[in-house]
Amino acid sequence: MAALLEDSGDENYFVREIEKNDGSCLQIKQCSKGDVGCVVWDAAIVLSKYLETKQFYDIQGGISKWANKNILELGAGTGVVGLMAATLGAHVNVTDLEDLQHLLQMNIRDNQALVSSGSIVAKVLKWGEDVTEFLPPPDFILMADCIYYEESVKPLVKTLKDLAGPGTCVICCYEQRTMGNNPEVEKQFFELLRRDFQSEEIPLERQDPEFSSPDIHILHLYPLA
């Protein structure tokens with residue numbers, strides 16, 4: 001469901017509703033105009049709903065493996081993945097470039113009522129630069145559809161290496177694309193990544209049965225000892 005509305009200034013926003021398993025809905029604004037970070041991508045929805053699968057979250061038993069976990073989201077864009085994690089009890093830093101901070105702050109504000117035991121803060125993080133502010137290493141690093149610009153591959157891998165500690169799990173979700181240089185960018189990313197991380201691909205049967213696709217992959221990445 002999407003609706004066009006006006007917010008501060010003359011910018012137009014669409015609202016995308018993401019229904020949670022408890023029946024509540026995340027209300028996520030996305031820009032009608034702007035760069036890739038202004039849109040709720042399918043991979044972000046797939047990853048968000050994956051966080052709610054029974055291996056992590058049992059709504060009937062009231063058990064959440066996300067409770068009190070420290071999570072950092074890279075390339076958060078609209079913030080939907082980090083917001084989902086925060087509603088499940090995690091303490092989340094959603095990060096992106098400076099020009100995405102306004103959108104992130106709006107979406108945090110609009111969904112704050114759904115964040116009870118968890119917390120969420122938006123911060124600027126440019127890949128490849130100093131990450132001291134975000135240490136010690138988080139329990140989880142989340143990233144959805146961050147692999148698309150060739151020039152960002154090396155900085156992204158460097159940031160993952162700098163952030164991840166021995167106990168960190170990186171959950172990477174991306175849509176496999178065959179257009180343009182996307183295959184080459186993906187190849188470069190995973191070749192670099194394999195030097196420092198081992199990966200486990202999550203089969204479709206362990207993902208949300210409705211919000212999953214053969215074209216969208218979820219990987220768990222662990223730093224090599």
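Contact of the Leu160 side chain with the Met143 side chain is registered, since non-hydrogen atoms from C-beta on lie closer than 4.5 Å. Looking only at side-chain heavy atoms (C-beta outward), Lys161 and Phe197 come within less than 4.5 Å of each other. Counting heavy atoms from C-beta outward, Ile71 and Pro138 have side chains that stay 4.5 Å or more apart. Within the 4.5 Å cutoff, side-chain heavy atoms of Gln101 are placed close to those of Glu98. The closest side-chain heavy-atom distance from Leu74 to Thr95 is below 4.5 Å. Using a 4.5 Å heavy-atom cutoff, the side chains of Asp42 and Ser213 are not in contact. Side-chain atoms of Tyr148 and Arg177, non-hydrogen and from C-beta on, never get closer than 4.5 Å to each other. Contact of the Gln176 side chain with the Asn182 side chain is not registered, since no non-hydrogen atoms from C-beta on lie closer than 4.5 Å.
The two residues Ala86 and Ser119 come nearest to each other via the heavy atoms CB-O, 3.6 Å. Across Glu129 and Thr159, no two heavy atoms sit closer than the pair N-OG1, 4.5 Å. Heavy atoms only, all atoms of each residue included: Gly89 and Ser117 are closest at CA-OG, 3.5 Å. Contact record, Leu100 with Gly77: CD1-O, 4.0 Å, taken as the closest heavy-atom pair. Heavy-atom minimum distance, Cys146 versus Ser152: O-OG, 4.5 Å. Across all their heavy atoms, Leu104 and Ala76 have their closest contact at CD2-CB, 4.0 Å.
Hydrophobic clustering, with ILVMFWY side chains joined whenever heavy atoms are under 4.5 angstrom apart, groups Leu47 together with Tyr57. Each of Leu163 and Val81 belongs to its own hydrophobic cluster when Ile, Leu, Val, Met, Phe, Trp and Tyr are linked at side-chain heavy-atom distances under 4.5 angstrom. Linking ILVMFWY residues whenever their side-chain heavy atoms come closer than 4.5 Å, directly or via other members, places Leu72 and Val157 in the same cluster. Ile28 and Leu88 end up in the same hydrophobic cluster when Ile, Leu, Val, Met, Phe, Trp and Tyr side chains are linked at under 4.5 Å. Linking Ile, Leu, Val, Met, Phe, Trp and Tyr whenever their side-chain heavy atoms come within less than 4.5 Å puts Ile141 and Phe134 in one cluster.
The distance between the ring centers of Trp66 and Phe56 falls below 6.0 angstrom.
From Cys173, atom SG reaches atom CD1 of Ile147 across 9.5 Å, with rounding to the nearest 0.5 Å. Atom CD of Glu201 sits about 10.0 Å away from atom SG of Cys172, to the nearest 0.5 Å. Between the CE atom of Met106 and the SG atom of Cys31 there is a distance of 6.5 Å, given to the nearest 0.5 Å. Atoms CG and CD, on Asn107 and Gln30 in that order, are 9.5 Å from each other to the nearest 0.5 Å. Of the inter-residue distances, the one linking Asn181 atom CG with Lys187 atom NZ reads 13.0 Å to the nearest 0.5 angstrom. The distance from the CD1 atom of Ile171 to the CG atom of Leu51 is 6.0 Å, given to the nearest 0.5 Å.
A 6.0 Å sphere centred on NZ of Lys126 holds no more than 12 heavy atoms belonging to other residues, nucleotides or ligands.
Taking the six-membered ring where tryptophan is involved, the planes of Phe190 and Tyr174 are tilted, since the angle between them lies from 30° to 60°.
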* Candidate pair His220 and Ile202, rule side-chain contact (heavy atoms from CB on, under 4.5 Å), full reasoning -> CA-CA 7 Å; His220 286 197; Ile202 306 304; 3.7 Å; yes
* Asked: What's the verdict on side-chain contact (heavy atoms from CB on, under 4.5 Å) for Glu73 and Met84, showing C-alpha distance, side-chain angles and the deciding distance?
  -> CA-CA 11 Å; Glu73 184 184 1; Met84 176 67 85; over 6 Å; no
* Mind running side-chain contact (heavy atoms from CB on, under 4.5 Å) on Ile45 and Val80 for me, showing each step along the way? => CA-CA 8 Å; Ile45 297 174; Val80 60; 5.6 Å; no
* To do: Carefully, step by step, assess Val46 and Gln207 under the rule side-chain contact (heavy atoms from CB on, under 4.5 Å).
  => CA-CA 8 Å; Val46 167; Gln207 301 179 35; 3.8 Å; yes
* **salt bridge (Lys or Arg N to Asp or Glu O under 4.0 Å) assessment of Lys65 paired with Asp139** => CA-CA 11 Å; Lys65 290 187 179 178; Asp139 299 304; over 6 Å; no
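Proximity of a side-chain donor or acceptor of Lys49 to a complementary backbone N or O of Glu19 within less than 3.5 Å is detected. A donor-acceptor pair under 3.5 Å links the side-chain atoms of Asp145 to the main chain of Glu175, judged by distance alone. Here the side chain of Asn111 pairs a donor or acceptor atom with the backbone of Gln27 at under 3.5 angstrom.
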